[in-house]
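In what follows, chains are A, B, ... by sequence order, proteins preceding strands, each numbered from 1. Hydrogens, waters and symmetry mates play no part in the numbers below; they use all other heavy atoms, side chains included.
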There are 2 protein chains.
Amino acid sequence: MKTNKLERLKAAGWEVGNTEDFLQLSDEEAKLVALKLSLVNAVKKSRIKRKLSQTDLAQRMKSSQSRIAKIEAGDPSVSLDLVVRALIASGATTRDIQAAFTVQ
Amino acid sequence: MKTNKLERLKAAGWEVGNTEDFLQLSDEEAKLVALKLSLVNAVKKSRIKRKLSQTDLAQRMKSSQSRIAKIEAGDPSVSLDLVVRALIASGATTRDIQAAFTVQ
DNA sequence: TCAGTCTATGTCGGAACTGACATATTCGCA
DNA sequence: TGCGAATATGTCAGTTCCGACATAGACTGA
């Protein structure tokens with residue numbers, strides 16, 4: 001999956017703004033990554049807000065602690081599906097979710 | 001994937017409202033399905049609006065016509081990832097996308 | 001009617017994603 | 001400091017999802 005390029009770089013400490021044109025990511029790819037990033041942040045925020053540990057959240061959504069850690073780290077092996085699932089399971093309201101989808 | 005239950009039923013002509021408690025889908029599952037459904041509709045709407053054929057859209061996102069058809073049909077084999085990707089590729093604005101995430 | 005375009009459906013091999021596990025690291029706090 | 005809880009990282013086998021292809025059906029205008 002092409003999107004992973006950016007995520008890998010980000011993980012290596014790059015800033016998103018710079019790398020976009022450097023890698024010549026298409027607008028579509030950039031949008032998708034931004035969206036995911038926004039959701040990822042929302043997951044962590046929502047989880048913390050509800051005072052859930054990663055293990056707690058994992059149980060709620062029948063996943064594992066390591067997967068939650070990867071979600072929050074923006075790991076390339078994590079799909080949008082799973083991020084959204086985590087967001088929902090973390091108790092985020094519909095409003096929260098919608099807000100997370102606000103990318104400009 | 002558990003979510004498919006509902007999608008299969010829906011495809012068979014069921015109404016979502018009824019089946020939810022019948023199948024005892026958790027709130028989380030229901031939310032996810034509703035979200036996907038909303039996005040799926042947005043894809044078709046956006047594609048038509050821009051007068052793109054399924055083949056056109058497929059080329060834009062380097063997928064295939066049959067995949068687009070499946071996306072729009074809410075096929076169980078289609079992930080949220082792909083739906084969102086299609087939505088973006090169809091030219092939907094950020095505002096459109098956000099609107100599609102408005103589920104209550 | 002029929003040719004051309006569009007959409008739907010089924011299938012398949014390969015790619016991507018998953019939960020689970022092991023283990024390392026970080027983080028309070030007594 | 002050191003201990004327990006929380007989080008991070010790596011790996012892997014099983015599952016899901018993917019594009020591609022074949023083909024069927026639907027729709028439109030001539």
Side-chain angles (χ1 to χ4, degrees), chain A residues 1-13 28-29 32-33 35-36 39-41 43-90, chain B residues 1-13 28-29 32-33 35-36 39-41 43-90:
Chain A
M1 200 178 288
K2 250 170 301 168
T3 329
N4 299 352
K5 282 185 297 188
L6 203 155
E7 285 170 338
R8 264 192 290 268
L9 278 182
K10 198 178 66 59
E28 284 78 27
E29 288 172 327
L32 193 62
V33 174
L35 201 55
K36 190 170 167 185
L39 289 168
V40 159
N41 290 335
V43 168
K44 185 154 195 175
K45 207 168 177 177
S46 172
R47 177 178 69 79
I48 301 288
K49 185 175 176 185
R50 271 93 181 171
K51 307 194 181 184
L52 299 170
S53 68
Q54 291 185 343
T55 306
D56 292 339
L57 180 53
Q59 282 176 326
R60 281 199 182 204
M61 57 184 290
K62 287 167 189 168
S63 182
S64 62
Q65 180 269 325
S66 59
R67 242 346 65 231
I68 307 293
K70 276 159 195 164
I71 289 173
E72 296 186 355
D75 191 285
S77 82
V78 173
S79 71
L80 234 192
D81 275 83
L82 198 65
V83 178
V84 172
R85 221 173 283 240
L87 189 52
I88 293 175
S90 76
Chain B
M1 201 178 290
K2 252 171 300 170
T3 329
N4 300 351
K5 282 186 297 188
L6 202 155
E7 286 171 338
R8 266 193 289 267
L9 279 183
K10 199 178 67 58
E28 285 78 27
E29 288 173 326
L32 192 63
V33 174
L35 201 55
K36 189 170 166 186
L39 289 168
V40 158
N41 290 335
V43 168
K44 186 154 194 174
K45 206 167 177 177
S46 173
R47 178 178 68 79
I48 301 286
K49 185 175 176 185
R50 272 94 179 170
K51 307 194 181 188
L52 299 171
S53 67
Q54 290 185 345
T55 306
D56 291 338
L57 179 52
Q59 282 177 325
R60 280 197 183 206
M61 56 184 291
K62 288 169 188 166
S63 180
S64 61
Q65 179 269 324
S66 59
R67 263 291 115 219
I68 306 295
K70 276 158 195 164
I71 289 172
E72 295 185 356
D75 191 284
S77 81
V78 173
S79 71
L80 235 192
D81 274 83
L82 199 63
V83 178
V84 172
R85 219 173 283 250
L87 190 52
I88 293 175
S90 75

Rounded off to whole Å, could you give me the [atom1]-to-[atom2] distance for the [X] and [N] pair?
X: B:Q65; N: D:dG19; atom1: CD; atom2: C1'; result: 12 Å
X: A:I71; N: D:dT9; atom1: CD1; atom2: C1'; result: 15 Å
X: B:L80; N: C:dC17; atom1: CG; atom2: C1'; result: 14 Å
X: A:R85; N: D:dC17; atom1: CZ; atom2: C1'; result: 12 Å
X: A:L82; N: D:dC17; atom1: CG; atom2: P; result: 12 Å
X: B:D81; N: D:dC18; atom1: CG; atom2: P; result: 7 Å
X: B:L57; N: C:dC6; atom1: CG; atom2: P; result: 13 Å
X: A:D75; N: C:dA20; atom1: CG; atom2: C1'; result: 15 Å

Please say which of A:R50, A:K45, A:K44 ends up in a side chain to side chain contact (heavy atoms under 4.5 Å, CB included) with A:I48.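 The option that passes is A:K44.
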Could you pull out the closest heavy-atom pair between [X] and [Y], with the gap in Å?
X: B:I68; Y: B:A58; answer: CG1-CB, 3.8 Å
X: A:S77; Y: A:R67; answer: OG-NH1, 3.4 Å
X: A:I71; Y: A:A86; answer: CD1-CB, 3.9 Å

Ignoring hydrogens and angles, tell me if any N or O in the side chain of B:K36 forms a donor-acceptor pair with the backbone of B:V83 under 3.5 Å.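 Not a single qualifying donor-acceptor pair exists.
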Quick one: side-chain hydrogen bond (donor to acceptor under 3.5 Å, both in side chains) partners of [X], sequence neighbours excluded?
X: B:S53; result: B:D56
X: A:E72; result: A:R47, A:Q54
X: A:R60; result: none
X: A:S66; result: A:S64

Using atom names, set out every protein N or O paired with an N or O of nucleotides 10-14 of chain D below 3.5 Å, distance rounded to 0.1 Å.
| residue | atom | partner | partner atom | Å |
| --- | --- | --- | --- | --- |
| D:dG10 | N7 | A:K70 | NZ | 3.3 |
| D:dG10 | O6 | A:K70 | NZ | 3.0 |
| D:dT11 | O4 | A:K70 | NZ | 2.8 |

Which part of the nucleic acid, if any, lies within contact of B:I68, taking any heavy atom under 4.0 Å across all strands shown: a base, the sugar-phosphate backbone alone, or nothing?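 B:I68: no heavy atom of the nucleic acid under 4.0 Å.
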Heavy atoms under 4.0 Å, any strand shown: does B:S79 hit a base, just sugar-phosphate, or nothing?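 Counting heavy atoms under 4.0 Å across all strands, the contact made by B:S79 is with sugar-phosphate only.
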Could you list the residues that satisfy side chain to side chain contact (heavy atoms under 4.5 Å, CB included) with B:N41, not counting sequence neighbours?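 Result, side chain to side chain contact (heavy atoms under 4.5 Å, CB included) vs B:N41: none returned.
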Counting only heavy atoms and a strict 4.0 angstrom limit, can you tell me which residues of residues 49-56 of chain B come near DNA chain D?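 Those residues whose heavy atoms fall under 4.0 Å from DNA chain D, taken from residues 49-56 of chain B, amount to none.
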Using the 3.5 Å cut-off, write out each protein N or O paired with an N or O of nucleotides 24-30 of chain D and the distance between them.
none

If we fit an axis to the first five pairs and another to the last five of the helix from C:dT1-D:dA30 to C:dA30-D:dT1, what angle do they make, to the nearest 10°?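 Roughly 50°, once rounded to the nearest ten degrees.
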Approximate separation, where rounding is to 0.5 Å, of [X] [atom1] and [Y] [atom2]:
X: B:L32; Y: A:D81; atom1: CG; atom2: CG; value: 7.0 Å
X: B:S46; Y: B:L87; atom1: OG; atom2: CG; value: 6.0 Å
X: A:Q65; Y: A:T55; atom1: CD; atom2: OG1; value: 5.0 Å
X: A:K70; Y: A:S63; atom1: NZ; atom2: OG; value: 9.5 Å
X: A:L82; Y: A:L39; atom1: CG; atom2: CG; value: 11.5 Å

Between C:dT9, D:dA8, C:dT7, which nucleotide has the shortest distance from any of its atoms to the side chain of B:R47?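 Nearest to the side chain of B:R47 among the choices is C:dT7.
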The side chain of A:E72 is closest to which nucleotide in this list: C:dA8, C:dG19, D:dA8?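 Of the candidates, D:dA8 comes closest.
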List every contact pair, protein side and nucleotides 27-30 of chain C side both N or O, where the distance is under 3.5 Å.
none

